Amino acid sequence: MEQINFFEDINLRDDYISRVDTLDKVKDLILLPNMSMATTEQVADYYEVPIEAIRNITKEHNTELREDGFVKNAGKASQKLINKYNPKRKVIENRVGHFIVVTENGEVQMSYSTNAFFSKRAILRIGMLVRDSLVGRDVRLALKTVD
């Protein structure tokens, strides 16, 4: 019953938003190389939900997520941002229609048009809002048991 408050109460979400350490306690969080950010696909993989579920949350709670560090960038700006955090090694491979970011755990496909980047705070807020995710439920339970 208390979990419903996370879905409905922005003030409650704000009270817990600094607890990003909870993410790694629940499940290993895979981020872009040398960045504390993840793509939409990585966030969907973390919460084990379809990408569309994450996109719907970003539309409905865009202002909150942007305050937490969620950003959207065009392809060139995305490449520039990734290269900024990886100046000593090449992590981007250009392909036809998209580019690949090589991570320690595999490859992440990104668009030449627009890409979304989620900070750890934004990823945590997604966990407070995603409904049909066992990982999201575990994140909410872990947040509640810390008090």
Side-chain angles (χ1 to χ4, degrees), residues 1-87 89 91-92 98-147:
M1 194 73 157
E2 281 188 75
Q3 290 179 2
I4 292 174
N5 289 338
F6 277 119
F7 300 127
E8 297 172 356
D9 188 348
I10 187 173
N11 294 320
L12 183 62
R13 291 192 295 270
D14 288 343
D15 288 345
Y16 287 88
I17 198 62
S18 65
R19 300 299 320 273
V20 295
D21 58 308
T22 306
L23 295 169
D24 283 320
K25 289 178 183 173
V26 171
K27 182 180 174 184
D28 286 337
L29 178 62
I30 309 225
L31 302 170
L32 291 168
N34 298 317
M35 298 174 71
S36 291
M37 300 194 93
T39 64
T40 307
E41 180 180 354
Q42 289 172 306
V43 175
D45 287 346
Y46 178 82
Y47 286 112
E48 300 172 5
V49 296
I51 289 175
E52 202 54 39
I54 304 303
R55 288 185 179 142
N56 289 338
I57 291 170
T58 60
K59 288 176 191 166
E60 190 172 332
H61 298 277
N62 195 279
T63 302
E64 283 178 77
L65 290 164
R66 287 193 181 274
E67 289 172 3
D68 293 328
F70 167 74
V71 295
K72 281 187 167 184
N73 286 337
K76 291 271 186 208
S78 297
Q79 287 183 336
K80 196 174 199 175
L81 177 67
I82 294 164
N83 283 329
K84 174 183 171 184
Y85 288 96
N86 295 280
R89 70 182 190 127
V91 296
I92 294 177
H98 64 276
F99 64 95
I100 298 291
V101 179
V102 180
T103 72
E104 293 174 3
N105 302 338
E107 297 179 341
V108 178
Q109 182 175 316
M110 301 192 75
S111 170
Y112 283 127
S113 59
T114 303
N115 298 290
F117 296 93
F118 295 80
S119 67
K120 285 185 177 182
R121 285 173 58 108
I123 297 166
L124 180 60
R125 190 170 302 267
I126 293 285
M128 293 183 223
L129 293 164
V130 65
R131 292 183 185 266
D132 295 325
S133 166
L134 293 176
V135 177
R137 184 204 64 194
D138 290 347
V139 166
R140 292 186 296 275
L141 288 173
L143 288 169
K144 284 301 224 174
T145 58
V146 171
D147 283 344

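Given the structure is predicted, the values throughout are model-derived calculations rather than measurements. FYI, the numbering just counts along the sequence from 1.
Atom CG of Leu143 is separated from atom CG of Asp138 by 11.0 Å, given to the nearest 0.5 angstrom. Note that the CG atom of Asn83 and the CZ atom of Arg89 stand 11.0 Å from one another [nearest 0.5 Å]. To the nearest 0.5 angstrom, Gln42 atom CD is 9.0 Å from Asn105 atom CG. The line from CG of Asn73 to OG of Ser113 is 11.5 Å long, rounded to the nearest 0.5 Å. From Leu81, atom CG reaches atom CD of Gln79 across 11.0 Å, with rounding to the nearest 0.5 Å. In this structure, the separation between CG on Leu141 and OG1 on Thr22 is 11.5 Å, given to the nearest 0.5 Å.
Counting only distance, with no hydrogens or angles, the side chain of Tyr47 and the backbone of Gly127 share a donor-acceptor pair below 3.5 Å.
Ion pairing between a basic and an acidic side chain is recognised when a charged N comes within 4.0 Å of a carboxylate O; Lys25 and Asp21 show such pairing. Under the 4.0 Å criterion applied to side-chain N and carboxylate O atoms, Arg125 and Asp14 are assigned as salt-bridge partners.
Met37 and Ser119 make their closest contact through CE-N, 3.8 Å (heavy atoms, listed as atom of the first residue, atom of the second, distance). In terms of heavy atoms, Gly75 sits closest to Asn115 at CA-ND2, 4.0 Å. Smallest separation of non-hydrogen atoms from Ser111 and Phe99: O-CE2, 3.3 Å. The two atoms that bring Ala116 and Thr40 nearest to each other are CB-OG1, 3.3 Å, heavy atoms only. The shortest heavy-atom contact between Asp132 and Val49 is O-CG1, 3.7 Å. Residues Thr145 and Ala142 share a closest heavy-atom pair of OG1-O, 3.1 Å.
Other residues, nucleotides and ligands place more than 12 heavy atoms under 6.0 Å from the CG atom of Asp24. Atom CD of Glu60 sits in a sparse spot, with 12 or fewer heavy atoms from other residues, nucleotides or ligands closer than 6.0 Å. In Glu104, the CD atom is not crowded: 12 or fewer heavy atoms of neighbouring residues, nucleotides or ligands sit closer than 6.0 Å.
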Next item on the list: Under the side chain to side chain contact (heavy atoms under 4.5 Å, CB included) rule, what do Asn62 and Phe70 come out as? Steps first, then yes or no, please.
Entry: CA-CA 8 Å; Asn62 195 279; Phe70 167 74; 3.9 Å; yes
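Residue pairs meeting the salt bridge (charged side-chain N to carboxylate O under 4.0 Å, His left out) criterion with at least one member in residues 29-51, sequence neighbours excluded, are Lys27-Glu48.
With a 4.5 Å cut-off on side-chain heavy atoms, Leu65 and Ile126 count as touching. Using a 4.5 Å cut-off on side-chain heavy atoms (C-beta onward), Phe7 and Arg140 make contact. Contact of the Ile100 side chain with the Ile92 side chain is not registered, since no non-hydrogen atoms from C-beta on lie closer than 4.5 Å. Within the 4.5 Å cutoff, side-chain heavy atoms of Met128 are placed close to those of Ile17. The side-chain heavy atoms of His61 and Arg13, taken from C-beta on, include a pair separated by under 4.5 Å. In this structure, the side chains of Leu32 and Tyr85 stay at 4.5 Å or more apart for every pair of heavy atoms. By the 4.5 Å heavy-atom criterion applied to side chains, Met110 and Ile82 are counted as neighbours. Leu31 places none of its side-chain heavy atoms less than 4.5 Å from the side chain of Thr103.
Aromatic ring pairs are classed by plane angle as parallel below 30°, tilted from 30° to 60° and perpendicular above 60°; the pair Tyr16 and Phe6 is perpendicular.
Scored by the ring pair (Phe, Tyr, Trp, His ring centres under 6.0 Å) test, Phe117 finds no partners at all (sequence neighbours excluded).
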